Undergrad: 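Below you'll find the structure I mean.
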Amino acid sequence: MNIAFFGAEGKVGRALVPVLERAGHTVRGIEIGDAVDVAGLDACVDFTTPDAAAENTRAALEQGVSCVVGTTGWDPQPLDAVARERGVTLFVAPNFSIGAVLMMRFAAEAAAFFPRAEIIELHNEAKKDAPSGTAAATAKLIGNDPQVHSVRLPGLVAHQEVIFGGEGQLLTIRHDTTARESFADGVLLALAKLPELPPGLTVGLDALL
């Protein structure tokens, strides 16, 4: 596929672009401030900032190009109508790590058996949104409005644990992302599945597994 990658020079972009190219995709990097001219491309991938992602995605959809977005901290719902009108797909996931998606699924299953849970999410200090998109999605899956603790420190990448408490026992489900290359499998899967997805917004890698 011929792909535009918004944020190719960022931390995630520098990790993912070489993997996408090794997988056979042709990638054109677009940075914040560059013109969004993507007409004729097969797809766009965005790992930027919340404000930039909203603008990039709208521009790409209006040019008839489907998007895969890993940026969190923004609401993609208003762009559902734009994607439907253009007959293209907007795929947004709070986390593209397969292990993180499984962590969320296991947490949702465990929630039925424990009265309370809390979430601790830890990310690099450069991450702007708190709680993270993954933590917010996990909290929604668990239900009962669990408390979320956000940690932002240098040296971290992306980590989350869900702690369930019951009388006389604790259950901890934890996932650690130690390198951003772990997002590559999820992004490649999303790109491969784009032609099968309906026009409009699809949320969550779990929908593709």
Side-chain angles (χ1 to χ4, degrees), residues 5-16 31-33 45-58 67-80 90-108 110-111 114 116-165 170-184 186-187 190 201-207:
F5 198 113
F6 297 108
E9 295 300 320
K11 292 180 179 178
V12 176
R14 291 197 301 270
L16 295 193
E31 302 309 315
I32 293 176
V45 177
D46 188 288
F47 282 87
T48 56
T49 65
D51 290 342
E55 296 176 3
N56 294 338
T57 303
R58 176 177 290 277
C67 297
V68 172
V69 183
T71 306
T72 58
W74 67 292
D75 181 12
Q77 192 61 50
L79 295 182
D80 177 52
L90 170 56
F91 180 83
V92 179
N95 201 308
F96 279 89
S97 171
I98 302 297
V101 174
L102 292 174
M103 174 266 297
M104 295 166 65
R105 181 182 293 180
F106 298 155
F114 287 86
R116 287 186 56 203
E118 296 197 6
I119 300 169
I120 304 172
E121 58 94 353
L122 310 93
H123 285 80
N124 185 271
E125 62 184 349
K127 185 171 180 61
K128 299 185 183 301
D129 55 315
S132 68
T134 300
T138 305
K140 185 175 180 180
L141 287 170
I142 292 174
N144 296 322
D145 196 24
Q147 186 169 353
V148 180
H149 308 271
S150 298
V151 178
R152 298 290 179 269
L153 290 171
L156 296 168
V157 180
H159 318 262
Q160 179 172 298
E161 62 181 42
V162 187
I163 305 174
F164 293 91
L170 294 172
L171 171 65
T172 300
I173 302 173
R174 180 176 175 116
H175 177 263
D176 294 282
T177 297
T178 57
R180 293 172 178 84
E181 284 81 359
S182 68
F183 305 145
V187 173
L201 175 64
T202 298
V203 178
L205 198 62
D206 194 58

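Bear in mind the structure is a predicted one, so any value in this text is a computation, not a measurement.
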Undergrad: What closest approach, in Å, do Gly165 and Leu170 show between heavy atoms, and which atom pair accounts for it?
TA: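 So the two residues come closest at CA-CD2, 3.8 Å.
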
Undergrad: Where the side chain of Arg180 meets the backbone of Gly13, is there a donor-acceptor pair that is under 3.5 Å apart?
TA: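 Pair absent, no side-chain N/O of Arg180 close to backbone of Gly13.
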
Undergrad: Do you know the tightest heavy-atom contact between Val148 and Ala139?
TA: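 Scanning both residues completely, I find the closest heavy atoms to be CG2-CB, 4.4 Å.
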
Undergrad: I'd like to check the side chain to side chain donor-acceptor pair (under 3.5 Å) partners of Ser150; sequence neighbours left out, ordered by chain and number.
TA: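 Applying side chain to side chain donor-acceptor pair (under 3.5 Å) to Ser150 gives Glu121.
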
Undergrad: Establish, from distance only, whether the side-chain atoms of Thr48 and Asp46 form a donor-acceptor pair under 3.5 Å.
TA: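 Checked: Thr48/Asp46 side chains pair up, N/O donor to acceptor below 3.5 Å.
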
Undergrad: Give a yes or no on this: more than 12 heavy atoms of other residues, nucleotides or ligands lie within 6.0 Å of atom CZ of Arg174.
TA: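 Yes - once you tally the heavy atoms of other residues, nucleotides and ligands closer than 6.0 Å, there are more than 12.
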
Undergrad: Excluding sequence neighbours, so at least two apart, what forms side-chain contact (heavy atoms from CB on, under 4.5 Å) with Ala137?
TA: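 Pro94, Met104.
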
Undergrad: Is the shortest heavy-atom distance from the side chain of Leu90 to the side chain of Pro76 under 4.5 Å?
TA: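 Yes. Closest side-chain heavy atoms under 4.5 Å.
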
Undergrad: Give a yes or no on whether a salt bridge exists between Glu125 and Lys127, defined as a side-chain N under 4.0 angstrom from a carboxylate O.
TA: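 Salt bridge absent between Glu125 and Lys127.
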
Undergrad: Report the residues that fulfil side-chain contact (heavy atoms from CB on, under 4.5 Å) with Ile98, sequence neighbours left out, ordered by chain and then residue number.
TA: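 Once residues adjacent in sequence are excluded, the partners of Ile98 under the side-chain contact (heavy atoms from CB on, under 4.5 Å) criterion are Leu102, Asp185, Leu205, Leu209.
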
Undergrad: Could you tell me which residues satisfy side-chain contact (heavy atoms from CB on, under 4.5 Å) with Gln77, sequence neighbours excluded, listed by chain and number?
TA: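 Checked Gln77 against side-chain contact (heavy atoms from CB on, under 4.5 Å); matches are Asp75, Asp80, Leu201.
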
Undergrad: What distance do Leu156 atom CG and His123 atom NE2 have between them, rounded to the nearest 0.5 Å?
TA: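 The NE2 atom of His123 is 9.0 Å from CG of Leu156, to the nearest 0.5 Å.
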
Undergrad: Could you give the distance from CG (Leu122) to CZ (Arg152), rounded to the nearest 0.5 Å?
TA: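 The CZ atom of Arg152 is 8.0 Å from CG of Leu122, to the nearest 0.5 Å.
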
Undergrad: Where the side chain of His159 meets the backbone of Val157, is there a donor-acceptor pair that is under 3.5 Å apart?
TA: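 Pair found, side chain donor or acceptor close to backbone of Val157.
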
Undergrad: Dump the intermediate steps for side chain to side chain contact (heavy atoms under 4.5 Å, CB included) on Trp74 and Thr57, then the final yes or no.
TA: CA-CA 11 Å; Trp74 67 292; Thr57 303; 4.1 Å; yes

Undergrad: Minimum heavy-atom separation for Ala8 to Glu31, with atom names?
TA: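 That closest heavy-atom pairing would be N-OE2, 3.1 Å.
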
Undergrad: Spell out, as yes or no, whether a donor-acceptor pair under 3.5 Å connects the side chain of Asn124 to the backbone of Ala126.
TA: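 Yes.
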
Undergrad: Rounded to the nearest 0.5 Å, how far apart are CD1 of Ile120 and NE2 of His149?
TA: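 If I round to the nearest 0.5 Å, the distance is 6.0 Å.
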
Undergrad: Is the backbone N or O of Arg14 less than 3.5 Å from a side-chain atom of Glu9, with the two atoms forming a donor-acceptor pair by type?
TA: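 Between the backbone of Arg14 and the side chain of Glu9 there is no qualifying donor-acceptor contact (under 3.5 Å).
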
Undergrad: If the condition is side chain to side chain donor-acceptor pair (under 3.5 Å), which residues does Gln160 pass it with, not counting sequence neighbours?
TA: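 Gln160: side chain to side chain donor-acceptor pair (under 3.5 Å) contacts with Thr138.
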
Undergrad: For a quick test of reading the model, state the closest non-hydrogen atom pair linking Leu79 to Ala54 and the distance between them.
TA: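 The answer is CD1-O, 4.1 Å.
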
Undergrad: With sequence neighbours left out, write down each residue that passes side-chain contact (heavy atoms from CB on, under 4.5 Å) with Phe164, or none if nothing qualifies.
TA: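 side-chain contact (heavy atoms from CB on, under 4.5 Å) check on Phe164 returns Ala107, Ala110, Ala111, Phe114, Ala117, Ile142, Val162, Leu171, Ile173.
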
Undergrad: Calculate, to the nearest 0.5 Å, the distance between atoms CD1 and CD belonging to Ile163 and Gln147 respectively.
TA: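 Nearest 0.5 Å value for the CD1-CD distance: 11.0 Å.
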
Undergrad: Within the structure provided, determine whether Ile119 and Glu161 are in side-chain contact (heavy-atom separation under 4.5 Å).
TA: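 In short, these two side chains do not touch, never coming nearer than 4.5 Å.
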
Undergrad: Using modelled atom types and a 3.5 Å cut-off, is there a donor and acceptor pairing between side-chain atoms of Ser182 and backbone atoms of Ala179?
TA: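 Checking the backbone N and O of Ala179 against the side chain of Ser182, a donor-acceptor pair under 3.5 Å is found.
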
Undergrad: If you take all heavy atoms of Leu16 and Ala184, which pair is closest and at what distance?
TA: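 Answer, listing the atom of Leu16 first, then Ala184: CD2-N, 3.6 Å.
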
Undergrad: Assess the residue pair Phe47 and Val187 against the criterion (side chain to side chain contact (heavy atoms under 4.5 Å, CB included)); give the C-alpha distance rounded to whole Å, side-chain angles, the decisive distance to 0.1 Å, and a yes or no.
TA: CA-CA 11 Å; Phe47 282 87; Val187 173; 4.0 Å; yes

Undergrad: Could you state the interatomic distance from CZ (Phe96) to CZ (Phe91), rounded to the nearest 0.5 Å?
TA: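 So the CZ of Phe96 and the CZ of Phe91 are separated by 5.0 Å.
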
